[in-house]
Amino acid sequence: MIRLAAGVAAAKAVGTLARTAGRGGGTSLPGKVLTRVEPDAIRHLSARLTRGSVVISATNGKTTTAAMVASILERTGAHLVHNRAGANMAGGIASTLAGAARNGGRRLTGDFGLFEVDEFWLGQVAEQVEPRAMLLGNLFRDQLDRYGELETIADRWAAIVRNRAGLVLNADDPLVADLGRNAPEPVYFGVDDDRLALPELQHASDSKHCRRCGHAYTYSAVYLAHLGHYKCPNCGQERPTPTVVATNVQLNGIRNAAFDLDGRRVELPLPGLYNVYNALGAAALTLKLGVGLDDVIAGLQAVAPAFGRAETLDLGRPTSLLLVKNPAGANEVLRTLALEGTELDLLGVLNDRVADGRDVSWVWDADWELLVGSVRSFTASGTRAAELALRMKYAGLDPTKITVIDNLEHGLDHALRSGDGPLYVIPTYTALLELRELLTRRGQAEAYWR
Amino acid sequence: MADVLRVCAFYPDLMNIYADRGNLQLLQRRAQWRGLGFELSGVGLGDELDPDAHDLLYIGGGQDRDQALCAEDMATNKRAALHHAAEDGKVIFAVCGGYQLLGHAYELDGTKLPGVGLVDLETVREDGPRLIGNVAIELELDGTRHVLAGFENHGGRTRLGAHTRPLGRVLKGHGNDGRSGFEGVRGGPRDTVVGTYLHGPLLPKNAWFADWLTATALHRAVSELKPLDDRLEDAAHAAARRAAGI
């Protein structure tokens with residue numbers, strides 16, 4: 001325990017320094033210091049959470065889903081220890097715990113742990129946190145240079161969840177649903193709404209083949225990438241019937257979405273089918289924890305957009321930020337934007353830093369074609385601006401509508417001058433951080449670090 | 001000039017992991033902007049390949065499991081047609097996972113995936129780290145020096161036979177095996193078989209190479225292709241080179 005106290009003290013000192021130095025963002029540095037001093041710090045500190053912990057992982061939607069769960073749980077009087085800023089590897093989780101530690105780690109400021117966890121770190125974190133429940137939302141093709149192939153992640157997850165109680169799984173994602181195969185009483189959630197079904201699997205769909213026998217699935221409905229109602233005609237594996245179900249889904253551009261849950265209408269202040277899935281996951285998890293439906297719905301309806309996820313700022317013109325980081329997520333953002341009108345001004349920011357994935361090939365797997373008919377002007381910015389501009393050109397956008405300005409600040413100013421009405425900004429992860437720093441410096445956005 | 005560029009993509013629903021679609025899109029749009037016709041077809045597992053029906057055969061990359069399925073199928077059902085196509089001077093362009101299947105075999109995790117034997121090379125999965133990162137190579141085509149820039153991400157190490165020619169020399173990055181300093185392969189009976197680890201995808205970052213493939217597939221010189229406005233293409237190429245550090 002002496003090591004723990006020393007580690008917590010060191011982590012707090014580092015955290016204070018970083019904040020004083022004005023370094024924003026969900027820093028993982030204090031946690032790295034803490035686990036250097038006490039490798040089992042996450043285990044020791046999370047054991048002090050008297051109401052236990054839950055963990056959330058997925059390729060897309062972790063931060064938003066966790067924000068929804070927080071909004072629901074806080075209504076039930078839970079005092080959360082939550083890695084809200086999205087630092088979701090072991091260091092970030094240790095930082096969050098260090099921040100909540102009092103009295104050398106003998107006490108925490110909260111009683112309930114809510115942790116979003118990077119797909120790759122799920123095993124290590126789950127082993128230390130020993131969560132009461134684990135919500136697994138989806139698996140999509142993502143930064144291959146960092147994460148490797150999708151099947152590899154699915155195999156890792158299968159080893160982690162084998163025989164684990166408390167699983168909350170997306171029935172519509174065959175890779176995720178199959179994780180419940182050997183688990184005691186998993187809870188499944190899914191969408192039932194034929195009007196939403198796409199005509200065919202999107203190009204970026206990855207999991208087209210049965211996890212058990214390798215045969216191609218047949219889909220009676222495809223909702224999003226490889227999510228939908230599927231069945232293997234060879235071995236008979238099929239979508240498990242979910243108990244938490246969204247029906248009668250209505251999508252209103254980038255503004256909001258609504259759906260029926262257990263006979264009640266949920267007005268979600270976040271857009272897109274992807275957020276309906278996030279909300280379903282959050283509902284399934286909290287219902288499983290014993291929260292009543294009234295609190296679940298009220299919590300979902302009160303959630304605010306997470307940082308850069310369909311957040312709208314006033315920059316002279318209303319400017320919406322929509323993070324994109326992989327083909328499946330980008331497709332949902334593009335599909336949602338296409339509902340917004342036909343004369344859109346867009347600023348796309350493509351960076352290729354480590355946290356974005358150094359490999360920018362994913363922009364060629366996303367369906368930018370969805371937007372081409374709706375674009376009035378497209379400004380491309382970021383370290384790989386030209387590649388994004390080229391993608392738009394080959395998607396069919398008239399090159400005279402495209403401007404390439406590598407420098408983000410100049411790109412933003414150009415885009416802001418490109419017309420009136422709303423501006424839509426589609427940044428990759430580090431571009432979003434840069435943008436936020438830029439806007440904070442100009443006094444146009446609050447610092448997001450809390 | 002032939003009016004139509006006929007492209008056949010191998011296993012388009014399985015071997016497409018690194019945005020192989022981008023390579024096909026470059027070939028398609030550029031043909032259309034030049035007023036050439038463009039036909040894209042695909043061959044899947046169990047399908048027969050008609051070697052006379054296409055000018056350019058494209059083999060992309062896939063996840064290990066899908067690659068294994070395709071390797072067996074290609075060796076069983078398409079090997080003879082591929083050799084026939086190569087002898088007729090059809091362009092066979094293979095990237096990453098597809099490249100690994102052009103030679104004799106790909107050995108990984110104690111199993112041996114069969115290759116189609118179009119070129120003398122062998123690939124082995126080693127215990128070492130995957131070879132990942134931005135990459136640039138230098139090559140000579142028709143007497144002119146060019147640079148290809150892209151991204152590589154492969155566990156396999158490819159070794160060329162003693163008389164097999166690489167596609168290029170590594171300027172930055174790992175290349176075939178991280179040691180030899182060579183990248184890719186160019187060979188076959190009419191020198192029209194091209195394999196490379198460069199994706200990212202390759203052709204959008206190197207539009208000039210898309211044109212070389214197109215011209216070769218149509219048995220023409222690149223200079224016979226109608227020039228296009230390539231300012232964005234050139235900027236993307238420059239950015240890819242910068243990313244690789246040259």
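Reminder, nothing fancy here: chain letters follow the sequence lines and each chain counts from 1. All figures in this text were calculated on a predicted structure; none of them were measured in a lab.
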Query raised in the report: Nearest 0.5 Å, what's the CG-CG distance between A:Leu390 and B:Leu26?
Result: 6.5 Å
Query - Basic-acidic side-chain contact under 4.0 Å: B:Arg242, A:Asp352 - result: no
Requested in this report: Report yes if some heavy atom in the side chain of B:Asp64 is under 4.5 Å from a heavy atom in the side chain of A:Glu151; otherwise report no.
Outcome: no
Requested in this report: Assess whether side-chain contact (heavy atoms from CB on, under 4.5 Å) is satisfied between B:His199 and A:Asp359, documenting all intermediate values.
Outcome: CA-CA 9 Å; B:His199 51 77; A:Asp359 182 355; 3.7 Å; yes
Query raised in the report: With respect to chain A, which residue among B:Ala236, B:Pro201, B:Ala235 yields the maximal number of heavy-atom pairs within a distance under 4.5 Å?
Result: B:Pro201
Query raised in the report: Do A:His209 and B:Leu14 have side chains that get closer than 4.5 Å, going by heavy atoms?
Result: yes
Report task. Drop me the distance from B:Asp20's CG to A:Trp364's CH2, to the nearest 0.5 angstrom. Result -> 12.5 Å
Query raised in the report: Considering all heavy atoms of both residues, which atom of B:Pro204 and which atom of A:Glu387 are nearest to each other, and what is their separation?
Result: CB-OE2, 4.4 Å
Query raised in the report: Could you give the distance from CZ (A:Arg358) to CG (B:Asn153), rounded to the nearest 0.5 Å?
Result: 13.0 Å
Query raised in the report: Would one find more than 12 heavy atoms of other residues, nucleotides or ligands at under 6.0 Å from atom NZ of B:Lys172?
Result: no
Query raised in the report: What are the two closest non-hydrogen atoms of A:Tyr394 and B:Arg29, and how far apart are they?
Result: O-NE, 2.8 Å
Requested in this report: Check whether A:Ala216 gets within reach of chain B through its side chain, its backbone, both or neither, counting any heavy atom under 4.5 Å.
Outcome: neither
**Report entry** Which atoms of A:Val360 approach chain B - backbone, side chain, both or neither, heavy atom under 4.5 Å
**Finding:** both
Query raised in the report: What's the verdict on salt bridge (charged side-chain N to carboxylate O under 4.0 Å, His left out) for A:Asp155 and B:Arg65, showing C-alpha distance, side-chain angles and the deciding distance?
Result: CA-CA 12 Å; A:Asp155 291 345; B:Arg65 173 175 164 157; over 6 Å; no
Query raised in the report: Are A:Asp367 and B:Arg21 close enough, and set up right, to give a side-chain contact (heavy atoms from CB on, under 4.5 Å), and what steps lead you there?
Result: CA-CA 11 Å; A:Asp367 296 328; B:Arg21 170 165 78 164; 2.9 Å; yes
Report task. Taking all non-hydrogen atoms of both residues into account, name the closest pair between A:Arg384 and B:Asn134 and its distance. Result -> NH1-OD1, 4.1 Å
Query raised in the report: Any side-chain heavy atom of B:Leu232 sitting closer than 4.5 Å to one from A:Arg391?
Result: no
Query - B:Arg231, CZ: over 12 other non-hydrogen atoms inside 6.0 angstrom - result: no
Query raised in the report: Just how far is it from atom OG of A:Ser361 to atom NZ of B:Lys205, taken to the nearest 0.5 Å?
Result: 7.0 Å
Query raised in the report: Checking heavy atoms, do the side chain of B:Ala240, its backbone, both or neither come under 4.5 Å from chain A?
Result: both
